[in-house]
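Before any comments, here is the structure.
Bear in mind that the values here come from a model prediction, so they are computed numbers and not experimental data.
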Amino acid sequence: MEKEEKATTTSTSASPSVGSGDLKSAAEAKVRIAGAWSGVIEVELEAWTLPMLRQEVARRAGAAPDCVNLICGGKVLRDDSRAKPLGQLGLKNNAKVLATVVRGDRGKAINDQAASEAEHAKKLARIRDAAKALSERHADGSLPLEDYNIELEDQNGQKLMLGSESDKKALMMGLMLHTNARSLVRKQKFKEALDVLYMGEEAFSLCDPKLTEMIDNVPILQLDIVWCYFMLQDISCLAVAGIRLENARKGFERSHGKDSTRLRLLQAGYRAELATYLRLELLEGVVAYHSDKYEEARKALSSAQAKYMQLQVPDEALSLLMGMGYKENAAKRALRMTGQDVQSAVHFLVEEQARKILRKQENIQRQAEILEQKSYGATPNHKPINLQELNELVSIGFERDLAAEALRVNENDVQKALDLLTNPERNCALQSRLEKRRKLGVSGSSGADIEELVSLGYNRSSVVDAVQRSHTKEDALKLLVGANSEDSQHATINQPKDDQEPPSTALTNDDKMDLGEEHKYPRDEVMEDELAKELTGDPLADYDMEVMKEGEAIAEYLALLDSKASAT
């Protein structure tokens, strides 16, 4: 306090920026202060400024100047950059001023909260835009900009064949958002996870209901939302939590079959779903307890407790598997999935290892295919060269690069490509064009041209094709501009100006996720890569979870039920 008083004294002793003669002639007045400090302060209306008055009130009230608010005539007096005299602010002789003092950290806390909310909204917008951009690029079969490709798979790792491209986009976006949210849950960031889960739910809602009823991703998402409510201790969501849990149970019954028979068949007899149903029953018990349905709560919690006991890993079995060289987490997972049977757990681990090796080999092969497809360029509709059809043409005896060029200009129509290759005159023109493309390549000056045109907002595949078809950068630009004016499939990405609003994160009824709309913002490579890295392709990832918190909650609520029973 002594240090603050000294600082205040030094500050208030500074003379106003007027001559001493002016001070003597300035009109003297009295300002009546009430509130945090009550009294009268004699001021000179044409010499004193608001900061000087605030400092004087703060000195007498024993507070810091930046914690003092002054109100006069129903208006909060605010500092002006030009430091106007009090007279110009409307203060007169005997003016009444209310002084209030706020905690010094309150204003900082408010500012910090506002900054945190703004940063969170910005992060949500980036996640949503990145998921949308990835789903749009990878769902329609376009040549990927990255060296990876995102694909939908079932429990057995087989690619899902969906009838509608829009369904595929929506499902892919929902899965990416759900995966990101589960990552946030593992980091105990439940509030942030909830916002991402809501966006994932919105994306799934755009799928054909017949499709989402076949998979258990949607009921798992519903369960994750209620789990976040529980971890945030948000009792206000109790009613909607019950509805979500009811929908989740119905969803599991549709996708898993009665008593999970269909899921068990898909998972070769493993009990992967046990932890999921444990959490479901725990949350059903919690909702029933807070709804005063104690018998229903006890039944759900007792069933959850039985599953919890089944998931406890014996130390002896864990030690035995770790002694074979398996890591602790992998060994625990295997034992939970197999009902603690060591022999079955070993079999599970061997299968997992073989599956990982096969997936790694497939990923290497797919990455090589993507790089080869990129070397040929994209078709006019931005599709990659169909390697299967290319291999068929090569097997007939055509040069690989020439056959690829024939497929490229004919949108992978193998018959049209074959007609072109077997026509001597057109084949000669095609070879000439291919030679020109080889000379240009995508390095040196053409590489610089490509980067410059990409920076203007054009699709990279379109730019590469335009540069390879042109003698100069200007000619390539003309091709890009002409393509965009004639063909809606060659849409540009508009770079937002400094005064443009950022993309909104609110999903209103009038502004639903339009997965068919062109992406209007620059590509966020960092966020896209972050989302892509979270997609492990592990079919059991959604079921594999520690249940320590669930066990603690079960014991807590059963104890509450016991205390109520003994009280009655």
Do [X] side-chain atoms and [Y] backbone N/O form a donor-acceptor pair below 3.5 Å?
X: S303; Y: A300; value: no
X: S135; Y: K132; value: yes
X: N180; Y: M176; value: no
X: N412; Y: N386; value: yes
X: D167; Y: C207; value: no
X: E192; Y: H120; value: no
X: D224; Y: A181; value: no
X: T179; Y: L175; value: yes
X: S319; Y: E316; value: no

So, using ring-ring contact (aromatic ring centres under 6.0 Å, His included) as the criterion, who are the partners of Y557 when residues are at least two apart?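 Partners of Y557 by the ring-ring contact (aromatic ring centres under 6.0 Å, His included) criterion, ordered by chain and then number, come out as Y289, H290.
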Who are the ring-ring contact (aromatic ring centres under 6.0 Å, His included) partners of F190, not counting sequence neighbours?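 So F190 forms no ring-ring contact (aromatic ring centres under 6.0 Å, His included) with any residue.
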Student check: side-chain heavy atoms of [X] and [Y] closer than 4.5 Å:
X: V287; Y: L245; answer: yes
X: L134; Y: M172; answer: no
X: E352; Y: R333; answer: yes

Do [Y] and [X] meet the salt-bridge criterion of a basic N to acidic O distance under 4.0 Å?
X: K169; Y: E136; value: no
X: R298; Y: D562; value: yes
X: E284; Y: R279; value: no

Before giving the answer on side chain to side chain donor-acceptor pair (under 3.5 Å), spell out for Q343 and H347 the whole-Å C-alpha distance, their side-chain angles and the decisive distance to 0.1 Å. CA-CA 6 Å; Q343 186 174 354; H347 183 66; over 6 Å; no
Run the salt bridge (Lys or Arg N to Asp or Glu O under 4.0 Å) test against E392 and tell me which residues pass, sequence neighbours left out.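 E392 satisfies salt bridge (Lys or Arg N to Asp or Glu O under 4.0 Å) with no residue once adjacent residues are dropped.
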Nearest 0.5 Å, what's the OH-CG distance between Y229 and D234?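 Between Y229 OH and D234 CG, I get 7.5 Å after rounding to 0.5 Å.
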Does a donor on one side chain and an acceptor on the other come within less than 3.5 Å for E372 and Y376?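 Per modelled atom types, E372 and Y376 side chains form a pair under 3.5 Å.
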